[in-house]
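Heads up, the thing below is written out as structure tokens.
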Amino acid sequence: MQLVEETPYRFRIDPRGPMRVPGVVFTSRALATDDGALEQVANVATLPGIVRASYAMPDVHWGYGFPIGGVAATDVRAGGVVSPGGVGFDISCGVRLLAADLERSDFHRVAERIMDGLSRETPRGAGRGAVWQLPGDGLLRLLTEGARYAVERGWGGQRDLDRCEDGGAVPDADPDRVSTRARDRGLGQVGSLGSGNHFLEVQAVDAVYDERTATAFGLHLDQVCVMIHCGSRGLGHQICTDHVRRMDETMADRGITVPDRQLACAPADSPDGRAYLAAMAAAANYARANRHVLGVAAGEVLREVTGRGLDLVYDTSHNLARIEQHDVDGDRRTLCVHRKGATRALPPGHPELPPDLREVGQPVLIPGSMGTASYVLAGVPEGDAFHSTCHGAGRTRSRHQAARTTDARQLRRDLERHGVVVRGNSARGLAEEAPTAYKDVDAVVSVAEGAGLCRKVARLVPLGVVKG
DNA sequence: ATGTTC
């Protein structure tokens with residue numbers, strides 16, 4: 001794939017064949033790799049109604065149809081499509097960061113007790129376990145009311161909603177567009193991590209790049225934090241499966257052709273498109289509630305051991321499509337913005353930000369790979385790509401490759417030698433997430449900042465990890 | 001990511 005260097009951090013793929021717009025890849029000469037993701041960037045550029053460009057963030061890698069680390073916006077009033085592959089199977093997968101009233105130096109003497117407690121109270125792995133057993137009509141309410149329903153039922157409080165994207169619940173969710181099978185899968189999983197790259201980490205603020213913004217976010221140097229990375233479990237997965245199948249069946253009848261069946265799509269303003277968006281919104285609410293109750297459970301463990309609880313910094317999703325208003329070629333347009341492995345990064349002054357964050361911009365939470373740093377970033381005024389930035393380190397090797405070449409016991413020893421207390425789930429799961437299978441998160445974040453997509457606020461390092 | 005192959 002031919003990349004044309006526009007600036008040190010911005011590269012272009014010129015339109016060819018059925019591409020309607022160029023590809024724009026935010027990367028660097030050092031970071032750029034091609035595992036097939038750039039071909040996918042070009043494929044996405046062929047989607048009906050796509051505007052401006054098919055974007056890739058610095059952590060881009062190959063995914064189902066769309067690349068992970070991709071951003072694509074379509075013009076809803078001009079037949080623009082929505083594609084489940086542009087959101088991903090783990091709908092509204094995201095990150096929740098909570099800050100403890102505890103210093104790094106306080107942690108070590110209680111580390112084992114805290115990690116044992118977090119391990120005990122955090123269901124994880126495929127299938128089993130959840131911290132919240134929902135009452136009879138609970139799932140339907142959760143799908144429409146998200147974290148607000150959890151608060152109503154006694155989990156956490158108003159601040160948890162104020163510091164969650166969309167106040168804890170996205171509008172326009174319709175449980176009727178969620179299949180019985182999807183609901184069945186989701187019913188017993190509210191409050192569980194899942195597996196793969198999902199985790200709960202205890203971290204310490206290792207560096208602060210912007211004191212004023214960090215203070216507004218509720219963070220300071222050497223503070224202990226808890227970061228939770230998880231999504232919508234089997235429910236979101238089943239919704240994606242159901243709607244991809246439906247769109248794959250009806251796409252040809254609409255006269256839509258795509259270069260890859262995994263780009264199955266429908267006009268956002270069509271029955272199939274609206275049905276997916278309504279089901280996706282339900283999964284987004286599920287994911288918010290999932291992270292919410294896991295955060296409350298973690299806070300109870302910390303309070304039990306230390307007498308100090310947790311305050312929410314922010315909760316953000318990096319797998320979602322949203323209907324947003326943006327200026328394109330001088331016109332205000334209604335766009336369906338797909339972010340798959342990409343994080344919304346609202347600039348200072350944006351009306352959707354809570355009042356206490358409006359001056360500094362949206363907190364952007366970037367989980368590193370296991371045992372490496374994580375970041376807190378902020379949105380910037382000049383942000384390109386519809387106010388989006390990266391979402392993590394980004395894989396360089398497949399799960400299979402990582403598992404084949406990693407000794408899980410050695411990896412665990414290495415982590416513990418670096419002072420990270422490990423509470424794993426399975427040896428294979430640990431091996432698949434070896435940091436050597438990922439890009440360097442410090443490099444990814446530096447490129448994202450260099451490309452003008454966001455700015456650094458704080459760097460966090462792991463003290464303990466509960467692995468999904 | 002995922003009751004890791006409906």
Side-chain angles (χ1 to χ4, degrees), chain A residues 35 37 40 59-70 83-96 123-130 139 178-200 228-246 248-249 261-262 264 276 279-280 282-284 286-288 290-291 294 316-321 338-343 367 369-370 391-395 397-404 408 424-433 437-438 467-468:
Chain A
D35 55 357
Q40 294 187 315
D59 49 338
V60 71
H61 57 110
W62 187 90
Y64 179 91
F66 283 58
I68 296 162
S83 173
V87 172
F89 275 86
D90 193 2
I91 296 168
S92 204
C93 177
V95 183
R96 189 173 183 90
R124 57 195 188 276
R128 60 205 155 83
L139 187 65
V178 179
S179 68
T180 304
R181 181 186 274 189
R183 291 188 217 173
D184 287 347
R185 288 181 67 175
L187 190 57
Q189 298 184 320
V190 182
S192 63
L193 276 185
S195 57
N197 63 355
H198 290 165
F199 64 72
L200 180 152
I228 297 168
H229 178 205
C230 63
S232 53
R233 305 296 330 278
L235 180 123
H237 190 276
Q238 190 63 46
I239 287 171
C240 183
T241 301
D242 293 339
H243 289 260
V244 163
R245 181 176 300 149
R246 171 76 184 158
D248 184 54
E249 287 164 1
R261 276 184 76 177
Q262 296 184 353
Y276 170 69
M280 180 208 73
Y286 183 99
R288 281 157 172 69
N290 187 28
R291 289 190 289 272
L294 282 170
T316 181
S317 166
H318 49 233
N319 282 7
L320 208 61
H338 302 73
R339 294 185 183 86
K340 179 188 191 180
T343 316
S369 53
M370 184 173 55
H391 88 302
R395 270 195 178 272
R397 296 156 70 225
S398 69
R399 295 188 183 290
H400 180 73
Q401 280 177 314
R404 194 160 42 82
N425 183 50
S426 72
R428 186 185 168 89
L430 215 58
E432 287 179 347
E433 292 303 313
Y438 283 84
K467 200 70 196 77

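Chain naming here is simple, since letters A, B, ... match the order of the sequence lines and numbering starts at 1 in each.
Separating the NE2 atom of A:His237 from the C1' atom of B:dC6 is a distance of 12 Å, rounded to the nearest angstrom. Between the OH atom of A:Tyr64 and the P atom of B:dT4 there is a distance of 17 Å, given to the nearest Å. Counting to the nearest Å, the C1' atom of B:dT2 and the CD1 atom of A:Ile239 are 13 Å from each other. Between A:Glu432 atom CD and B:dT2 atom P there is a gap of 12 Å when expressed in whole angstrom units. B:dT2 atom C1' lies 10 Å from atom NE2 of A:His198, rounded to whole Å. Rounded to a whole Å, the CZ atom of A:Arg428 is 14 Å from the P atom of B:dT4. Regarding A:Asp90, its CG atom lies at a distance of 15 Å from the P atom of B:dT4, rounded to whole Å. Following rounding to the nearest Å, A:Asn425 (CG) and B:dT4 (C1') show an atom-to-atom distance of 13 Å.
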Run the numbers on A:His391 and A:His229 for ring-ring contact (aromatic ring centres under 6.0 Å, His included), then give the verdict.
CA-CA 11 Å; A:His391 88 302; A:His229 178 205; 7.4 Å; no
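A:Gly231 comes within contact range of no nucleotide atom at all, as no heavy-atom separation falls under 4.0 Å. Residue A:Gln189 is classed as a sugar-phosphate contact, given heavy-atom separations below 4.0 Å to backbone atoms only. Here A:Gly234 lies in heavy-atom contact (under 4.0 Å) with sugar-phosphate atoms only.
Every residue meeting the side chain to side chain contact (heavy atoms under 4.5 Å, CB included) condition with A:Gln401, not counting sequence neighbours, appears here in chain and number order: A:Arg397, A:Ser398, A:Arg404. Take A:Arg233 and apply the salt bridge (Lys or Arg N to Asp or Glu O under 4.0 Å) test, not counting sequence neighbours, and it matches no residue.
Listed pair A:Ser195 / B:dT4 fails the phosphate criterion, with no side-chain N or O lying under 4.0 Å from OP1 or OP2. In terms of phosphate contacts, A:Arg233 brings a side-chain nitrogen or oxygen within less than 4.0 Å of OP1 or OP2 of B:dT2.
Nearest-nucleotide assignment on DNA chain B puts the 5′-proximal partner with A:Arg395, out of A:Arg395 and A:Arg181. Mapping A:Glu433 and A:Ala126 onto DNA chain B by nearest heavy atom places A:Glu433 at the nucleotide closer to the 5' end.
In terms of heavy-atom proximity, A:Ser179 sits nearest to A:Gln238 at OG-CG, 4.1 Å.
A salt bridge is absent between A:Arg245 and A:Glu249; no separation between the charged side-chain nitrogens and carboxylate oxygens falls under 4.0 Å.
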